Number of protein chains: 2
Amino acid sequence: MPELLDLHGRTNKAIRAALDAALQRHGLRLGQDHLLAALWERDGRTPGEVAAVARVSTPAVTKLAARMADAGLLTRRRDDRDNRLVRLWLTDAGRALRGPVEAERRRIEERITADLTPAEREILLTALAKVHRSAADLPGGDPIGEPS
Amino acid sequence: MPELLDLHGRTNKAIRAALDAALQRHGLRLGQDHLLAALWERDGRTPGEVAAVARVSTPAVTKLAARMADAGLLTRRRDDRDNRLVRLWLTDAGRALRGPVEAERRRIEERITADLTPAEREILLTALAKVHRSAADLPGGDPIGEPS
DNA sequence: GACTGATCGTTAACCGGTTAACGTTCGGCG
DNA sequence: CGCCGAACGTTAACCGGTTAACGATCAGTC
């Protein structure tokens, strides 16, 4: 069992679980913070735009947005000028989550890198960037990025 | 958006996608290789045992095993002595996949670490191990490992 | 020997994510 | 003006994964 593959997978699983638990304390689930982040950056984006910046498929955004609209975090409204577009607008509740959620993410980032020396932290980031590039270049490595 | 959190997540996504594409060429899907690995190591394990070594929940193994049984990779048989136990037995097809699948994992591991210097590779592993430990110690960081 | 509690696998109901098929709407072009 | 293709969001059908509820079996105890 290849080392990096296994270690990286287990690490990601632990991170995801911890992050999910943290988000859940604010009534959110795992991918929803990325969707919100896209709207915090610019409100009124379309599902397609959100999907692009969140690096997720458009159907994923559709479903997320539906659940989050039910939860009262955002509203969906058709664009007046182009009627096939849908625009996602934050509610006050959705806007109010920005501070707490960003703090939560920072907190986890800190805890996770707490035991690393400055040198380790730096090399970890550069090495991970290389690995990411290599993986994305593999066949099927970036389905949404470059499918053709 | 915290650096490591984001980078690690994107990297994992790319790795998973590439690995899934590779496994798919052998008629497998993402988690199924771990289940097979547990049986390659010792055939006739129970779902609970497999779940433990694969670090997955037992229901996950149940569903995986059902699909893989349909695909003819293994068979499910009750234990004669303890009738609440179920034992998973590899078929010839399941056994035959060991070489190709392990090679596929090694291949991806190599490609992914190809651009790393020996020093980077070493520090990446040690740093990732630290991160994993820290993440697992976070509340909710290891649901199956230490829920209490 | 019967009850009672622990152990184990399965099922159901979720969640996030993907691809493929679908229905609308827009825009260019004849 | 009408058509036809491109763009967009939604839906459906999967997949892997989780937790909670369920049912069956075993084992210890009275």
Side-chain angles (χ1 to χ4, degrees), chain A residues 9-10 12-21 23-24 27-35 45-52 54-71 76-88 140-145 147-148, chain B residues 9-10 12-21 23-24 27-35 45-52 54-71 76-88 140-145 147-148:
Chain A
R10 282 184 314 176
N12 188 258
K13 194 169 183 176
I15 293 179
R16 283 178 69 90
L19 183 58
D20 191 38
L23 290 175
Q24 222 154 332
L28 285 184
R29 292 304 296 273
L30 214 79
Q32 308 186 348
D33 54 337
H34 287 121
L35 197 159
R45 274 185 157 139
T46 68
E49 290 169 354
V50 171
R55 295 189 186 79
V56 184
S57 68
T58 309
V61 173
T62 297
K63 292 200 298 184
L64 267 288
R67 269 192 280 270
M68 293 168 72
D70 286 351
R76 284 150 41 177
R77 204 186 321 148
R78 295 210 95 86
D79 187 304
D80 293 342
R81 300 186 297 184
D82 189 339
N83 242 327
R84 72 205 140 153
L85 261 40
V86 167
R87 303 216 164 260
L88 306 177
D142 192 356
I144 122 101
S148 58
Chain B
R10 282 185 315 178
N12 188 258
K13 195 169 183 177
I15 293 179
R16 283 178 70 90
L19 183 57
D20 191 38
L23 289 175
Q24 222 153 333
L28 285 184
R29 292 303 296 274
L30 217 85
Q32 308 186 348
D33 55 336
H34 286 121
L35 198 159
R45 274 183 157 142
T46 68
E49 290 169 353
V50 171
R55 294 189 186 80
V56 185
S57 68
T58 309
V61 173
T62 296
K63 291 201 298 184
L64 267 287
R67 269 192 281 271
M68 294 167 73
D70 285 351
R76 287 153 38 181
R77 203 186 321 148
R78 294 211 95 87
D79 187 305
D80 294 341
R81 299 188 296 184
D82 189 339
N83 243 328
R84 74 204 139 154
L85 262 41
V86 166
R87 304 215 164 260
L88 306 178
D142 191 357
I144 120 103
S148 59

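Naming convention: chains lettered A, B, ... in sequence-line order (proteins, then strands); numbering from 1 in each chain. Atom set for the values below is all heavy atoms of this structure, side chains included, hydrogens, waters and symmetry mates excluded. Note that the coordinates shown come from a computational prediction; the quantities given were computed from them, not determined experimentally.
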Go through the structure and list residues passing side chain to side chain contact (heavy atoms under 4.5 Å, CB included) with [X], not counting sequence neighbours.
X       : answer
A:Ala18 : B:Leu138
B:Arg87 : B:Thr46, B:Glu49, B:Asp79, B:Leu85, B:Trp89
B:Ala17 : A:Pro143
A:Arg10 : A:Asp6, A:Leu7, B:Arg55, B:His132

Query raised in the report: Who are the side chain to side chain donor-acceptor pair (under 3.5 Å) partners of B:Arg84, not counting sequence neighbours?
Result: B:Asp82
Query raised in the report: Considering residues at least two apart in sequence or located in another chain, which fulfil the side chain to side chain donor-acceptor pair (under 3.5 Å) criterion with B:Arg29?
Result: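 For B:Arg29 the side chain to side chain donor-acceptor pair (under 3.5 Å) partners, ignoring immediate neighbours, are B:Asp20.
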Given atom [atom1] of [X] and atom [atom2] of [N], what is their separation to the nearest angstrom?
X       : N      : atom1 : atom2 : value
B:Arg16 : C:dG17 : CZ    : P     : 11 Å
B:Leu19 : D:dG16 : CG    : C1'   : 13 Å
A:Leu35 : C:dG17 : CG    : P     : 9 Å
A:Asp70 : C:dC14 : CG    : P     : 13 Å
B:Asn12 : D:dG16 : CG    : P     : 16 Å
A:Gln24 : C:dC14 : CD    : P     : 15 Å
A:Arg29 : C:dG17 : CZ    : P     : 11 Å
B:Glu49 : C:dG9  : CD    : P     : 8 Å

**Report entry** Validation row: B:Val56, B:His34 side chains within 4.5 angstrom (heavy atoms)
**Finding:** no
Query raised in the report: What is the bend of the helix from C:dG1-D:dC30 to C:dG30-D:dC1 when you compare the axis at one end with the axis at the other, using five pairs each and rounding to 10°?
Result: 20°
Result block: side-chain N/O donor-acceptor pairs under 3.5 angstrom for residues 57-68 of chain B, not counting sequence neighbours:
| unit_1 | atom_1 | unit_2 | atom_2 | d |
| --- | --- | --- | --- | --- |
| B:Ser57 | OG | B:Ala60 | N | 3.4 |
| B:Thr62 | OG1 | B:Thr58 | O | 3.3 |

Query - DNA chain C: 5'-proximal contact among A:Arg67 and B:Thr62 (nearest heavy atom) - result: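 Nearer the 5' end of the strand: B:Thr62.
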Query raised in the report: Which pair of non-hydrogen atoms, one from B:Leu23 and one from B:Leu30, has the smallest distance, and what is that distance?
Result: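 For B:Leu23 versus B:Leu30, the nearest heavy atoms are CD1-O, 3.8 Å.
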Requested in this report: From the options C:dG16, C:dT10, D:dT10, select the nucleotide whose nearest atom is closest to the side chain of A:Pro47.
Outcome: D:dT10
Query - Reading 5' to 3' through nucleotides 18-26 of chain D, protein heavy-atom contacts under 4.0 Å coded B for base, S for sugar-phosphate only, - for none - result: BBB----BS
Report task. Indicate, with a heavy-atom threshold strictly under 4.0 Å, whether B:Arg87 touches base, sugar-phosphate, or nothing. Result ->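 Counting heavy atoms under 4.0 Å across all strands, no contact is made by B:Arg87.
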